[in-house]
Every structure is written in structure tokens, then in C-alpha cells.
2 protein chains.
Amino acid sequence: MNTDSEAKISRETKQRKIIMEELAKVSSHPTADELYKIVRKRLPSISLGTVYRNLELLTKLGEIQKLDICGAKKRFDGKSLRHYHMRCKKCLKVYDLPMQPFSALEKTLKNIDGYLITNYRLEFSGLCPNCNKSR
Amino acid sequence: MNTDSEAKISRETKQRKIIMEELAKVSSHPTADELYKIVRKRLPSISLGTVYRNLELLTKLGEIQKLDICGAKKRFDGKSLRHYHMRCKKCLKVYDLPMQPFSALEKTLKNIDGYLITNYRLEFSGLCPNCNKSR
DNA sequence: GTCTCTGCAAAGCATTTGCAACTGC
DNA sequence: GCAGTTGCAAATGCTTTGCAGAGAC
């Protein structure tokens, strides 16, 4: 799992260091913009573009997580019944997976430590049969 | 599960009918823009805005699925270890869930009918303890 | 000194919205 | 006839990118 990282060598800059420190400090899962506001308290001259660039780079390096597997564009599915999707990392298409929903998952989730779970989404990524074959 | 729908009365228009028909026909999980191109073959005068509005409405009615639980903004997490998130439907914050990763899930996924699964994301929605209390 | 990184601003792109005209019911 | 819908175009908002200068090594 988590085999998506393509490491790229990078320099340690003041900006990157502070971005990582502040992101590690908060538990609020900030957006790029929110983190920008936080970081600016320590480094008022930093630009939003730098925050975006670093978050992207750090995600690729596996240092942080981007809470997002949807691409930029939203996709729609005519079926409303529960089923799972996978996004092929190569051809970028989204497929319905030929598997049964995990009923165990649905049953055990109702109440966890005060959280009321009413819905979930389970999405996979990897290679579709076509791209897997032609590797 | 799937308790998110807030039904709203709606008229049956030519546009909505064709959008639903075409979306049901394809298995490609089209984006709004892709569906727009498909629908335009039957209804050349339809506008992209109408497609967006109908997809949004149909999603709320539970007729179709939007493959997206991330909000418009991407969010970042300083931790890189596997853990699960939940989005509170009321306060819209994202929380780390106090639960162990499903190891069973990770083990059984490697290969499903030719698909090579290398990663997955499991995300929940519902009410956080705070919003749950103050209901 | 070199090559990466940054700040700034403009561009890009998907999506949303205002508005007047249109159309189910 | 009225309220929901549409087409059009402009606006919005997040994110990315080009570029020249700054900084890490």
C-alpha cells in the first residue's frame, strides 16, 4: 500500500520547514489556504503559491497526505446502489469493482466513540485489467 | 446508510430525462463535461450549466451518485500513516477516527478479477461527537 | 556558480450563479 | 398563470504556472 510516491530530491528551505512544522502541529486537516494563513504568522512574506507547491511535493514524497483521491473533476454514476470504485493510476479511468459490499463494515460502524457514522465511501486505486496486462 | 438525500419536488423536463437516460447507459463514470457532450448529441441546444444543475439535483434526490466526498477544497494531513477520516455533515470539519485500520481489508484486496489494487481510501461521514450531542 | 525554490501575478479550469425567457403542470 | 427550469454569459474560487530574482548547497 502507499506505493504512489515518486521521490524527488529537494532542498530544505525555511518555507518548507515551517509548512511541515505547522501542518504537523494542527489536527484540523487544514486546506492549503488555511495552512497559508497559519504559516504567515511565522513567515509573513510567504506566498500561497509556495504553500501549494510544497504541499504537492510533500504529498509526492509521502511526508504528508492529501485527503483526496477524486481528481479535479467530479465524476457521476447512474447507479445509486452501493458498490465500490477504483481509479486506474495509468489510464485514469474509474471502474466499478466486481465485488460485494463489505456488510461487516456497514454493521460495525454505527457508533465509534461518540461519532455517529451515517455513510462511508471506500475507493480503490491501482491498475485496471488492461493496464495491468500491458505493463 | 445513504441518508443524505433531501428530496425536492421537481418537474420532468426533456433535459433532465435525457441526462438520466444517458448517464444510466454509460459505464464510464463521465464528468459533467463528458456527459454534456454525450447529451448534446440528442439535444444540441442543452447548456453545460443545465447539466451541472441536474446532476447536482439528481444527486441530492439519490437518483445518481457523485463520486466525491472531498469538498471543493483539498485538505492535508501531517500524518502519513494509515488512518481513517470522517467528515461531519454539520460542522464540515474532518476528523481522524479513533479506530484501527482494517487489516482484513488490506489483505484481501491485492487482486480482484484482473484488477491490481495498490491503494485504497476509506472515508466516513456522519456527525462528530460535538454535533451529535447538540442535535 | 548552479540549480532549486520563492514571490508575485496572471492564467487555467471546473463549477456556480444572475437573469430573462421558456415550459411543465 | 405560476413556479420551476433553461440557456447564456459572466463570475467565482481553488489551483497551477511563467518568470525573474533569491537562496541553498
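Letters A, B, ... are given to chains in the order of the sequence lines, protein chains preceding strands, and every chain is numbered from 1.
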Residues passing the salt bridge (Lys or Arg N to Asp or Glu O under 4.0 Å) test with A/Lys14, sequence neighbours excluded, are none
In numerical order, the residues of residues 39-47 of chain B whose heavy atoms come under 4.0 Å of DNA chain D are B/Ser45, B/Ile46, B/Ser47
Per-helix bend value, the helix from C/dG1-D/dC25 to C/dC25-D/dG1, C1' rotation axes over five pairs per end, 10° rounding, shows 40°
Expressed in angstrom and rounded to an integer, what is the separation of [X] atom [atom1] from [N] atom [atom2]?
X	N	atom1	atom2	result
B/Asp33	C/dC13	CG	C1'	10 Å
A/Lys14	D/dC25	NZ	P	12 Å
A/Lys17	D/dG23	NZ	P	17 Å
A/Leu57	D/dT16	CG	P	13 Å
A/Leu55	D/dT15	CG	C1'	11 Å
B/Glu56	D/dG4	CD	P	18 Å
B/Tyr36	D/dC8	OH	C1'	10 Å
A/Leu48	D/dG13	CG	P	14 Å

B/Arg16 has its side chain closest, among D/dT15, D/dT5, C/dC5, to D/dT5
Heavy atoms of A/Leu48 and A/Ala32 approach each other most closely as CD1-O, 4.2 Å
Residue set satisfying side-chain hydrogen bond (donor to acceptor under 3.5 Å, both in side chains) with A/Ser47, at least two apart, ordered chain then number -> A/Thr50
Would you say B/Tyr52 reaches C/dT16's phosphate, i.e. side-chain N/O to OP1/OP2 under 4.0 Å?
-> no
Taking only side-chain nitrogens and oxygens of A/Arg11, does any of them come within less than 4.0 Å of OP1 or OP2 of D/dG23?
no
Protein-nucleic acid N or O pairs under 3.5 Å, nucleotides 18-20 of chain C:
residue: C/dG18; atom: O6; partner: B/Arg53; partner atom: NH1; Å: 3.4

Distance col, row B/Ile38:CD1 vs B/Leu43:CG, nearest 0.5 angstrom, shows 13.5 Å
OH (B/Tyr52) and CG (B/Leu35) are apart, to the nearest 0.5 Å, by 10.5 Å
### Query
Is it true that a side-chain atom of B/Arg16 and a backbone atom of B/Asn54 form a donor plus acceptor pair closer than 3.5 Å?
no
Is B/Glu34 reaching over with its side chain to a backbone N or O of B/Thr31, donor-acceptor style, under 3.5 angstrom? yes
Donor-acceptor pairs are to be reported for all side-chain atoms of residues 17-24 of chain A against protein atoms at under 3.5 Å, with residues two or more places apart or in another chain.
residue: A/Lys17; atom: NZ; partner: A/Glu21; partner atom: OE2; Å: 3.2
residue: A/Glu21; atom: OE1; partner: A/Arg42; partner atom: NH1; Å: 2.9
residue: A/Glu21; atom: OE1; partner: A/Arg42; partner atom: NH2; Å: 2.9
residue: A/Glu22; atom: OE2; partner: A/Lys25; partner atom: NZ; Å: 3.0
residue: A/Glu22; atom: OE2; partner: A/Arg42; partner atom: NH1; Å: 2.7

B/Tyr36 vs B/Arg40 side-chain heavy atoms within contact, under 4.5 Å
yes
Of B/Gln15 and A/Thr13, the one whose closest nucleotide on DNA chain D sits nearer the 5' end is B/Gln15
